[in-house]
S.K.: 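To start, I am sharing the structure in question, which I have written as structure tokens.
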Amino acid sequence: MKLRLFDTYTRSLREFEPLRKDYVGMYACGPTVYDYAHIGNLRTYLFEDFLRRTLEFNGYTVKHVVNITDVGHLTSDADTGEDKMEKGARKAGKSAWEIAEIFTQAFKEDIRRLNIKEPTIWCRATDHIQEQIEFIKCIERKGFTYITSDGVYFDTSKLPDYGYLARLDKEGLQAGARVEIGEKRSPTDFALWKFSPKDRKRQMEWDSPWGVGFPGWHIECSAMSVHYLGEFFDIHCGGEDHINVHHTNEIAQTQACYGTRLANFWLHGHFLQLEAEKMSKSAGEFLRLQTLIDHGYDPLAYRFFCMSAHYRAKLNFTWESLDAAAYSLDRLRNLVYEWGEPGAPNQEWVERFRNEVNDDLNMPRAVALTWELTKSDLPAAEKKATILIFDQVLGLGLAEWRPAEEQIPQEVMELVEKRQQARLARNWAEADALRAKASEMGYEIEDTPQGPRVKRKKVQVRP
RNA sequence: GGCGACGUGGCCAAGUGGUAAGGCAAGGGUCUGCAAAACCCUGAUCACGGGUUCAAAUCCCGUCGUCGCCUCCA
């Protein structure tokens with residue numbers, strides 16, 4: 001089956017054809033680095049990783065660009081409120097530049113721990129101010145801007161099909177508007193360049209043809225994606241929350257300047273739900289990947305958990321379901337490890353797998369097929385080689401995984417030895433008491449034909 | 001208030017017209033001194049009420065419930 005993807009722009013499943021032979025340009029909206037990423041954010045980057053790996057699985061070379069938003073993202077999409085970076089800096093007592101660096105590194109570490117492939121290009125908004133200014137100048141030349149006392153704005157009324165991506169009902173928006181529009185002519189108009197406040201100096205500000213200030217949030221993605229991928233490229237993706245405002249405005253900017261809708265396919269990952277509610281940063285406390293690790297979970301258990309649902313369905317996070325993912329991943333790893341050295345892969349199974357992932361990245365079915373493979377009658381070497389091919393998309397690092405070689409404390413080893421002696425003497429009561437004691441100390445003793453095996457118990461301390 | 005999505009076994013979830021994938025948990029079994037691990041087996045008619053159809057979880061209408069965007073969000 002050829003790759004089919006759900007394109008939000010047309011609201012339909014479309015067969016994927018690259019614009020250039022064997023090459024895919026893909027832009028994924030990255031983090032605003034004013035705080036840590038929570039596991040809901042990370043779900044979206046996992047979806048994008050499955051997308052990229054599936055494209056590569058189909059033989060395409062992917063140029064994957066991810067931005068780092070380190071300026072211009074206000075605490076309100078209504079073009080009011082503070083810049084998130086400056087606010088984060090003030091809260092932390094550090095400079096905005098330091099904040100950006102700290103959270104950029106933290107984000108990259110999360111990505112690495114989840115086995116998400118590094119983008120081909122990371123690009124920071126503050127490294128591309130000039131490109132953004134040029135882009136705004138282009139929009140201005142085409143007559144889509146106006147200037148107010150606080151910035152340069154995009155005039156959405158000049159674009160007849162503004163909001164097509166989101167199927168925005170402009171009338172409805174007018175009626176339901178709950179925000180002050182200030183000097184904006186329409187609630188959907190948005191800032192391209194904001195002027196620095198007159199009474200104080202911002203940490204991040206630049207000269208521009210319109211005055212000292214900083215770029216609006218949406219312009220960075222249009223400017224950088226065009227810069228690295230061209231005026232019309234293959235795929236643009238992000239979280240579902242970006243459909244209404246951010247991606248709608250990116251398209252508006254690009255249509256004004258170049259007459260394109262920026263990307264051929266628009267893909268959106270849906271939200272992780274936490275106890276039936278969206279996980280949000282503003283709620284204060286939120287779950288980070290590090291939180292999961294602190295509770296004894298392997299980060300890849302979270303990756304595996306995210307494969308249990310389709311990317312276009314909400315996924316409900318519970319500790320119980322994370323446990324399920326952790327246990328089953330562990331079982332899968334041991335199975336695959338025990339298959340030994342890989343032989344030649346089975347092409348029929350590889351094609352079945354391709355059919356699943358090519359059907360709009362149906363990871364749940366791809367995983368189900370993986371379990372089916374483990375139960376099949378294929379020789380171990382063939383299963384092993386085949387599952388390692390699957391793992392090019394699954395990204396679980398199955399080829400490298402080894403059972404942990406643990407240092408068992410001397411005192412536990414002594415218990416094991418004493419228990420063996422009791423067992424030889426058929427003193428079962430004594431043997432069971434010793435096993436219980438080891439268990440209290442956090443170690444499990446399992447008897448195998450090769451003798452006793454000692455493992456540390458899983459640590460799981462949940463909130 | 002406007003727009004949109006969803007409601008499948010204990011939990012997480014596939015499936016969008018032809019009599020319900022998978023994982024975890026649970027119960028039963030094989031193995032074991034007993035366990036553990038492993039392996040085998042077992043269970044849902046798809047929120048509710050109508051309708052369309054030879055046939056519906058899958059299409060239509062209504063009701064209830066939950067959630068998302070419109071306000072920081074991936």
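The sequence lines fix the lettering, A, B, ..., with proteins before strands; numbering per chain opens at 1.
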S.K.: Taking B/C6 as the reference, what is the distance to B/C31 when you measure between their P atoms (whole Å, please)?
M.R.: 49 Å
S.K.: For a quick check of understanding: with a heavy-atom distance under 4.0 Å over all strands, which category does A/R426 fall into, base, sugar-phosphate or nothing?
M.R.: nothing
S.K.: Tell me the interatomic distance from A/L272, atom CG, to B/A74, atom P, rounded to whole angstroms.
M.R.: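 It works out to 13 Å between those atoms.
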S.K.: Could you write out RNA chain B as a dot-bracket string, with dots for unpaired bases, | for bases paired across to another strand, and Watson-Crick or G-U pairs counted at under 3.5 Å?
M.R.: (((((((..(((.....[...))).(((((.......)))))....(((((..]....))))))))))))....
S.K.: Around atom CZ of A/R288, are there more than 12 heavy atoms from other residues, nucleotides or ligands closer than 6.0 Å?
M.R.: yes
S.K.: What is the nucleic acid contact for A/N244, judged by heavy atoms within less than 4.0 Å: base, sugar-phosphate only, or nothing?
M.R.: sugar-phosphate
S.K.: Toward the 5' end of RNA chain B, which comes first, A/C29 or A/W428, by nearest nucleotide?
M.R.: A/W428
S.K.: Would you give the length of the straight line joining atom OG1 of A/T291 to atom OH of A/Y302, rounded to the nearest 0.5 angstrom?
M.R.: 11.5 Å
S.K.: Look at the side-chain N and O atoms of A/K375 and state whether any lies under 4.0 Å from the OP1 or OP2 oxygen of B/C41.
M.R.: no
S.K.: Would you confirm whether A/K2, through its side chain, and A/N358, through its main-chain N or O, come within 3.5 Å as a donor-acceptor pair?
M.R.: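 Not a single qualifying donor-acceptor pair exists.
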S.K.: Choose from B/A74, B/G22, B/C34 the nucleotide whose nearest atom is closest to any side-chain atom of A/H242.
M.R.: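 Given the options B/A74, B/G22, B/C34, the side chain of A/H242 is closest to B/A74.
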S.K.: Indicate, with a heavy-atom threshold strictly under 4.0 Å, whether A/K87 touches base, sugar-phosphate, or nothing.
M.R.: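 Nothing: the residue A/K87, judged by heavy atoms under 4.0 Å, touches no strand.
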S.K.: Scan A/G269 against the nucleic acid and name what it touches under 4.0 Å (heavy atoms): base, sugar-phosphate only, or nothing.
M.R.: nothing
S.K.: Identify which one of A/N67, A/T69, A/T44 satisfies the side chain to side chain contact (heavy atoms under 4.5 Å, CB included) criterion when paired with A/C29.
M.R.: A/N67
S.K.: Quick one: the side chain of A/D241 and the base of B/C70, do they pair up donor-acceptor inside 3.5 Å?
M.R.: no
S.K.: Run the side chain to side chain contact (heavy atoms under 4.5 Å, CB included) test on A/I293 and A/D298 for me, step by step, so that the C-alpha distance in whole Å, both residues' side-chain angles and the decisive distance to 0.1 Å come before the verdict.
M.R.: CA-CA 6 Å; A/I293 293 167; A/D298 185 319; over 6 Å; no
S.K.: All N/O contacts under 3.5 Å from nucleotides 37-39 of chain B to the protein, with atom names and distances to one decimal?
M.R.:
| residue | atom | partner | partner atom | Å |
| --- | --- | --- | --- | --- |
| B/C39 | OP2 | A/R331 | NH1 | 3.3 |

S.K.: Any donor and acceptor pair, going by atom type alone, linking the side chain of A/D391 with main-chain N or O of A/I387 inside 3.5 Å?
M.R.: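 Side chain of A/D391 to backbone of A/I387, a donor-acceptor pair under 3.5 Å: no, none is there.
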S.K.: Do A/L229 and A/V65 come within less than 4.5 Å of each other through their side chains, counting heavy atoms only?
M.R.: yes
S.K.: In this structure, how many angstroms lie between the P atom of B/U32 and the CG atom of A/D432, rounded?
M.R.: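 For the pair A/D432 CG and B/U32 P, the rounded distance is 17 Å.
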S.K.: Given the P atoms of B/G27 and B/A56, what is the spacing between them in whole Å?
M.R.: 37 Å
S.K.: Write down the distance separating the P atoms in B/A5 and B/C12, rounded off to the nearest Å.
M.R.: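 The answer is 23 Å between these two P atoms.
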S.K.: Rounding to an integer number of Å, can you tell me how far A/Q420 CD sits from B/G33 P?
M.R.: 12 Å
S.K.: With no hydrogens and no angle check, is any side-chain donor or acceptor of A/D189 less than 3.5 Å from a backbone partner on A/S186?
M.R.: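 Yes, because the side chain of A/D189 sits within donor-acceptor range (under 3.5 Å) of the backbone of A/S186.
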S.K.: For the CG atom of A/L415 and the CE atom of A/M413, what is their distance to the nearest 0.5 Å?
M.R.: 10.0 Å
S.K.: B/C34 base to A/R435 side chain: any donor-acceptor pair below 3.5 Å?
M.R.: yes
S.K.: Mind checking if A/W371 touches a base, just sugar-phosphate, or nothing, with heavy atoms under 4.0 Å?
M.R.: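 Answer is sugar-phosphate: A/W371 comes under 4.0 Å of backbone atoms only.
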S.K.: With the sugar-phosphate defined as primed atoms, P, OP1 and OP2, and the base as all remaining atoms, what B/S/- string results for nucleotides 5-15 of chain B, 5' to 3', for protein heavy atoms under 4.0 Å?
M.R.: -----BSSSSS
S.K.: Is a donor on one side and an acceptor on the other found under 3.5 Å between the side chain of A/R303 and the backbone of A/G395?
M.R.: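 Looks like yes, one N/O pair under 3.5 Å.
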S.K.: Nearest whole Å is fine: how far is B/A74 P from A/D49 CG?
M.R.: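 It works out to 18 Å between those atoms.
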S.K.: Regarding A/R352, tell me which of base, sugar-phosphate or nothing describes its non-hydrogen contacts under 4.0 Å with the strands shown.
M.R.: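 The answer is nothing, as A/R352 stays clear of every strand by at least 4.0 Å.
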S.K.: When rounded to the nearest Å, what value does the distance between P atoms of B/A47 and B/A57 take?
M.R.: 10 Å
S.K.: Take atom CZ of A/R43 and atom C1' of B/G68, then tell me their distance rounded to the nearest Å.
M.R.: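 Distance, rounded to whole Å: 13 Å.
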S.K.: Quantified in whole Å, what is the P atom distance between nucleotide B/C61 and nucleotide B/U42?
M.R.: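 The same atom, P, in both gives a distance of 40 Å.
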S.K.: Report the residue (A/V367 or A/R423) whose heavy-atom-nearest nucleotide on RNA chain B is the more 5′ of the two.
M.R.: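 Here A/V367 is the residue nearer the 5' end.
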S.K.: Take A/R52 and A/D49 through the salt bridge (charged side-chain N to carboxylate O under 4.0 Å, His left out) test and state the conclusion after the steps.
M.R.: CA-CA 5 Å; A/R52 170 171 170 186; A/D49 190 52; 5.9 Å; no
S.K.: For the atom pair CZ (A/R331) and CG (A/L335), what is the distance rounded to the nearest 0.5 Å?
M.R.: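 Reported to 0.5 Å precision, the distance equals 6.0 Å.
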S.K.: Measure from CG on A/L322 to C1' on B/G23 and round the result to the nearest Å.
M.R.: 13 Å
S.K.: Under 4.0 Å: is that the gap between some side-chain N or O of A/N41 and OP1 or OP2 of B/A74?
M.R.: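 So the side-chain polar atoms of A/N41 do come within 4.0 Å of the phosphate oxygens OP1 or OP2 of B/A74, strictly under.
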S.K.: Rounded to whole Å, please give me the gap between CG in A/L51 and P in B/A74.
M.R.: 19 Å
S.K.: Could you state the CZ-C1' distance from A/R419 to B/A36, rounded to the nearest angstrom?
M.R.: 10 Å
S.K.: Supply the atom-to-atom distance A/Q255 CD to A/S222 OG, rounded to the nearest 0.5 angstrom.
M.R.: 10.5 Å
S.K.: If we take the C1' atom in both B/U30 and B/G15, what is their distance in whole Å?
M.R.: 34 Å
S.K.: Could you give the distance separating B/C60 and B/C41 at their C1' atoms, to the nearest angstrom?
M.R.: 42 Å
S.K.: Measuring from atom CG of A/N264 to atom CZ of A/F16, what distance do you get when rounded to the nearest 0.5 angstrom?
M.R.: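 Spacing of CG (A/N264) from CZ (A/F16) equals 7.5 Å.
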S.K.: Given the C1' atoms of B/U32 and B/U19, what is the spacing between them in whole Å?
M.R.: 42 Å
